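If you're wondering where the values come from, they're calculated on a predicted model, not measured in any experiment.
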Amino acid sequence: KTVTIDRVAPDVLPVHGTIPILYGAIGPQALRQAGRVGDGVILTSFAPVSYVRWAVEQVRAGAEEAGRDPASLEIAAIITTRVTDDPVAALDELKPWFALAHGMTRRGELLLQGSGVDLAALERIRAKLNIDAIVADGLEPYLHAYQRVSPDDVRETVPDDLVAMTAIVGDAAHCRTRLAEYADAGVTHVIVDSPQPAADLLAALRPAATSPV
C-alpha cells in the first residue's frame with residue numbers, strides 16, 4: 001500500500017536533494033538486486049577485501065542487467081578499525097566480535113570465500129557460541145549468543161590472522177595501506193566502526209588518501 005502525506009517538512013534536508021536507497025546486502029541475490037534498483041549497497045563489517053571485491057562485482061552485474069551505469073552506485077563498507085601501536089591487544093579485543101559476525105550458519109563461509117582461509121575455524125567458533133542450541137530454541141544467534149556464553153571463552157577460538165584480514169588494525173601507515181586495499185576493491189565510502197575519537201581517526205586515515213573514500 002502507498003500512503004500519501006502532505007504539509008510535512010523534514011527537519012533535515014538531503015544534501016543532494018534526494019534520499020538514496022542503499023541495500024544492506026550480503027548474498028549474491030540481494031547484491032544484484034541492489035545494483036538493479038537501488039542507489040548502492042552497504043557491506044557488512046569483518047569482511048575481507050576478497051569478499052568486498054566479489055560483492056562489488058555482484059552489484060555492478062545487477063546494474064548492467066538493468067541497463068544502469070554501475071559507476072553511479074555507492075559502495076559503502078563498514079570497516080572495523082583500530083589505529084594503534086599495539087595491534088596484538090586490539091586484535092584480541094576484536095576476536096569475540098569477529099566470532100559473532102562469522103558464527104551464523106553459512107555467513108562465515110560466504111564472507112571468507114576466495115580468501116584461502118581454512119573454514120574449519122568456523123566450526124570451532126560456532127561450537128563455542130552454541131549456535132545450534134540457540135537456533136533450536138528459535139532465537140537469533142547474533143542477539144542471544146553472548147547472553148549464554150562469555151566473550152572471553154569465545155576469544156580463544158579465533159586466530160589473530162582472521163581478524164587482521166577482516167579489520168583494519170595497526171599504526172596509521174598500516175591502516176592507510178589497508179584502507180587503500182578496500183578502495184581498490186571498489187569501495188567508494190567507508191563507515192569506520194571504531195570507539196576512537198573521530199578527529200584522531202581522520203588525522204590518521206586522511207593524509208595519504210588518493211581516492212574519494
Side-chain angles (χ1 to χ4, degrees), residues 22-34 41-56 58-59 75-84 86-170 175 178 181-182 185 187 190-196 201:
L22 303 182
Y23 275 54
I26 296 178
Q29 294 185 27
L31 290 166
R32 283 180 177 254
Q33 187 180 54
V41 67
I42 300 178
L43 302 178
T44 190
S45 59
F46 288 107
V49 171
S50 55
Y51 167 84
V52 169
R53 185 176 294 108
W54 171 83
V56 170
Q58 302 306 307
V59 174
I75 307 293
I78 303 171
I79 304 180
T80 300
T81 303
R82 299 291 188 272
V83 180
T84 176
D86 188 2
V88 173
L91 291 173
D92 198 54
E93 172 224 334
L94 293 173
K95 287 179 180 181
W97 313 113
F98 170 94
L100 205 55
H102 288 256
M104 285 168 280
T105 305
R106 298 188 64 184
R107 180 183 170 108
E109 286 84 352
L110 183 59
L111 294 176
L112 295 175
Q113 62 176 313
S115 65
V117 169
D118 181 1
L119 298 181
L122 298 178
E123 296 306 317
R124 294 190 290 272
I125 290 169
R126 288 168 183 159
K128 186 65 73 171
L129 285 170
N130 291 328
I131 295 296
D132 291 343
I134 293 172
V135 173
D137 289 341
L139 300 174
E140 204 285 314
Y142 198 89
L143 297 177
H144 293 273
Y146 287 141
Q147 294 179 19
R148 300 186 175 195
V149 182
S150 167
D152 288 334
D153 291 338
V154 178
R155 179 177 282 111
E156 64 188 23
T157 67
V158 181
D160 288 0
D161 59 345
L162 290 190
V163 182
M165 177 188 296
T166 57
I168 293 179
V169 178
C175 288
R178 291 280 286 129
E181 293 174 1
Y182 281 91
V187 170
V190 171
I191 302 171
V192 177
D193 180 7
S194 176
Q196 297 173 287
L201 291 166

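Not counting sequence neighbours, the partners of D137 by the salt bridge (Lys or Arg N to Asp or Glu O under 4.0 Å) test are R148. Residues forming a salt bridge (Lys or Arg N to Asp or Glu O under 4.0 Å) with K95 (at least two apart in sequence, or on another chain): D92, D160. S115 is linked by a side-chain contact (heavy atoms from CB on, under 4.5 Å) to S50, L112, V117, M165, counting only residues two or more places apart in sequence or in another chain. For E140, there are no salt bridge (Lys or Arg N to Asp or Glu O under 4.0 Å) partners, not counting sequence neighbours.
Inter-residue side-chain proximity for I125 and F98 is flagged as met; some heavy-atom pair is nearer than 4.5 Å. Contact of the L201 side chain with the S194 side chain is registered, since non-hydrogen atoms from C-beta on lie closer than 4.5 Å. Counting heavy atoms from C-beta outward, V52 and V187 have side chains that approach closer than 4.5 Å. In this structure, Y182 and I75 have side chains that are not in contact, with every pair of non-hydrogen atoms separated by 4.5 Å or more. Looking at V59 and Y23, their side chains never come closer than 4.5 Å, going by heavy atoms from C-beta outward.
Heavy-atom minimum distance, P151 versus P96: O-CG, 3.6 Å. Smallest separation of non-hydrogen atoms from F46 and A167: CE2-CB, 4.3 Å. When every heavy atom of A145 is checked against every heavy atom of I134, the shortest pair comes out as CA-CD1, 3.6 Å. The two residues P141 and I131 have their closest heavy-atom pair at CB-CD1, 3.7 Å. Contact detail for V41 and A25: the closest heavy-atom pair is CG2-CB, 3.9 Å. Between T80 and S45 the shortest heavy-atom distance is OG1-CB, 3.8 Å.
At distances below 3.5 Å, at least one donor-acceptor pair connects side-chain atoms of T81 with backbone N or O atoms of I79. With hydrogens and angles ignored, the 3.5 Å screen pairs no side-chain donor or acceptor of T157 with any backbone N or O of R124. No donor-acceptor distance shorter than 3.5 angstrom exists from the side chain of E181 to the backbone of V49, with no hydrogens or angles considered. In terms of modelled atom types and a separation under 3.5 Å, the side chain of R82 and the main chain of A89 share no donor-acceptor contact. In this structure, the side chain of Q113 engages the main chain of L110 through a donor-acceptor pair within 3.5 Å.
The stretch residues 98-112 participates, sequence neighbours left out, in these side chain to side chain donor-acceptor pair (under 3.5 Å) pairs: T44-R107, E109-R126. Legend: ring-ring contact (aromatic ring centres under 6.0 Å, His included) pairs involving residues 143-166, not counting sequence neighbours, sorted by first then second residue: W97-Y146.
The structure places CG of D161 at 9.5 Å from CG of L91, a figure rounded to the nearest 0.5 Å. Remark: I26 CD1 to M104 CE distance equals 7.5 Å, nearest 0.5 Å. The CG atom of D118 sits 9.0 Å away from the CG atom of L162 when rounded to the nearest 0.5 Å.
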**OP:** Take L31 and L43 through the side-chain contact (heavy atoms from CB on, under 4.5 Å) test and state the conclusion after the steps.
**Re:** CA-CA 9 Å; L31 290 166; L43 302 178; 3.9 Å; yes
